[in-house]
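Just below is one structure, and these are the notes that go with it.
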2 protein chains.
Amino acid sequence: MTSTDQTPTRRRRSDSTKAAILDAARERFIAEGYEGATIRAIAADAHIDPAMVMRYFGSKEKLFALAASYDLRLPDFTAIPRDELGESIVRHLLGLWESDRTLVALLRTAVSSEEAAAARMREIWAEQVLAGLGRLFGEDTARAEKRAGLVVTQLLGIVLCRYVLRLPPVAALEPEEFVAWMGPTVQRYLTAEEP
Amino acid sequence: MTSTDQTPTRRRRSDSTKAAILDAARERFIAEGYEGATIRAIAADAHIDPAMVMRYFGSKEKLFALAASYDLRLPDFTAIPRDELGESIVRHLLGLWESDRTLVALLRTAVSSEEAAAARMREIWAEQVLAGLGRLFGEDTARAEKRAGLVVTQLLGIVLCRYVLRLPPVAALEPEEFVAWMGPTVQRYLTAEEP
DNA sequence: ACCCCGGGTCAACGGCTGTTGACGTAGGAT
DNA sequence: ATCCTACGTCAACAGCCGTTGACCCGGGGT
């Protein structure tokens, strides 16, 4: 019971190092995916020894789990006029992705068949997207699932083509162009009758 | 000038081995991506020595280039009624992807930041999709590029969610459901006026 | 003053990778 | 029957990787 233990969230000297490692890890995972990003490279970026990464995070997988935690911060859809849902969602997410590329890291890793990352990806879209959209459809969860699935194909298609593959015509679009084009698509997937 | 040289395409004894290697390579690349698929594993699948892979294909990259060569076999769009373009394209590609997962291998590799594969991916969509759609827009290549880009976000989004991430609601859809839902989307991206 | 402990470094391990060159060996042409 | 060529194997290389344990140092508690 020393004085340093008075508060369990006492700032430690190592906190800044930990943060530096996490920052470097995010960048590397984004740029090179899970397998491509090496602990040695991450440690070099953070100007410390690779062994420190292991000391603080235990393993590469645990480091990734912390670096790739992700919150879509979806708004409350029930507060949005029903006929503006599509535009709102596209605008919100595009704004998020333009400044925060964590989702790109997650996608890269999920696609290179790291099963843990693929499962995490499914979690995000199940828990956050489905949970967010669920309210819109009341009891009809089957319908909510299908509609959420349709929406996700368009949204992840954007992430893939714009941020990962960097297809020139897609990378050149202005954010508001996505809103104008994909907003109606998302709107239709959410609110149209079954075809 | 022996009798075996009478024809330059003479079948060699090694042809079946080469084919076995290519088959195994395709499967491994599809299942595990470029970096995840090892030459040793591919060779084991083909029941031969890893050195044979090098002898016949020179390097892992060249093997991948051959295994991942891909032809979308797009139909002639000018022969399709203009208001059925979206449905035709979606139906055609979905039929292709349901039976041939080569594109999935390519996507996996492109996403795990193997620059050669990403470039090949851009080539496919530039040369095949753009070339196919180009005729529809006459001289207006800028417009053709943008429209092709929009279409690709939806189509690759399907590939990603259904075959790579295997999001349950998307994997559960029937092919004709994609046609019914995404057909109009593609149709709009191709033929709608600028928003 | 001493001691102790957390932050940090260093070298090494075992395992995996793509790639190589030397070494057999079977099978068709002569 | 012989010879040559193409098919195939084997062992090893050099270079990465994640991970580990021994070691060093400096600053705060007693």
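Lettering of chains follows the sequences in order, A, B, ..., and the numbering in each one begins at 1. Note that these values count all heavy atoms, side chains included, but never hydrogens, waters or copies made by symmetry. What you are looking at is a predicted structure, and each value in this text was computed from that prediction instead of being measured.
For the pair B:I48 CD1 and D:dT9 P, the interatomic distance rounds to 7 Å; values are reported in whole Å. As a whole-Å value, the separation of A:F57 CZ from D:dG18 P is 15 Å. When the P atom of D:dC24 is taken as reference, atom CE of A:M52 falls 18 Å away, rounded to whole Å. A:F29 has its CZ atom 9 Å from the P atom of D:dG18, to the nearest Å. Remark: P of C:dT19 and OH of B:Y56 are 17 Å apart, rounded to the nearest angstrom.
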Pairs: protein N or O with nucleotides 19-23 of chain D N or O, under 3.5 Å:
unit_1 : atom_1 : unit_2 : atom_2 : d
D:dT19 : OP2    : A:K60  : N      : 3.0

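Here B:E176 pairs with B:R91 in a salt bridge; the nearest charged N to carboxylate O distance falls below 4.0 Å. Salt bridge annotation for B:K60-B:E35: absent, with no cationic side-chain nitrogen under 4.0 angstrom from a carboxylate oxygen.
Checking the phosphate oxygens (OP1, OP2) of D:dG8, a side-chain nitrogen or oxygen of B:T17 falls inside 4.0 Å.
In this structure, B:K146 forms no cation-pi arrangement with B:Y189, as its terminal cationic atom is not both closer than 6.0 Å to the ring centre and no more than 45° off the ring axis. A cation-pi arrangement, defined by a distance under 6.0 Å to the six-membered ring centre and an angle within 45 degrees of its axis, is absent between A:K62 and A:Y56.
In this structure, B:A41 reaches neither bases nor backbone, as no heavy-atom distance under 4.0 Å exists between it and the strands shown. Using a 4.0 Å heavy-atom cutoff across all strands shown, B:A43 reaches no nucleic acid atom at all.
The salt bridge (charged side-chain N to carboxylate O under 4.0 Å, His left out) check on A:E123 picks up nothing, with sequence neighbours excluded.
Of all heavy-atom pairs spanning A:T109 and A:G33, the tightest one is OG1-C, 4.1 Å.
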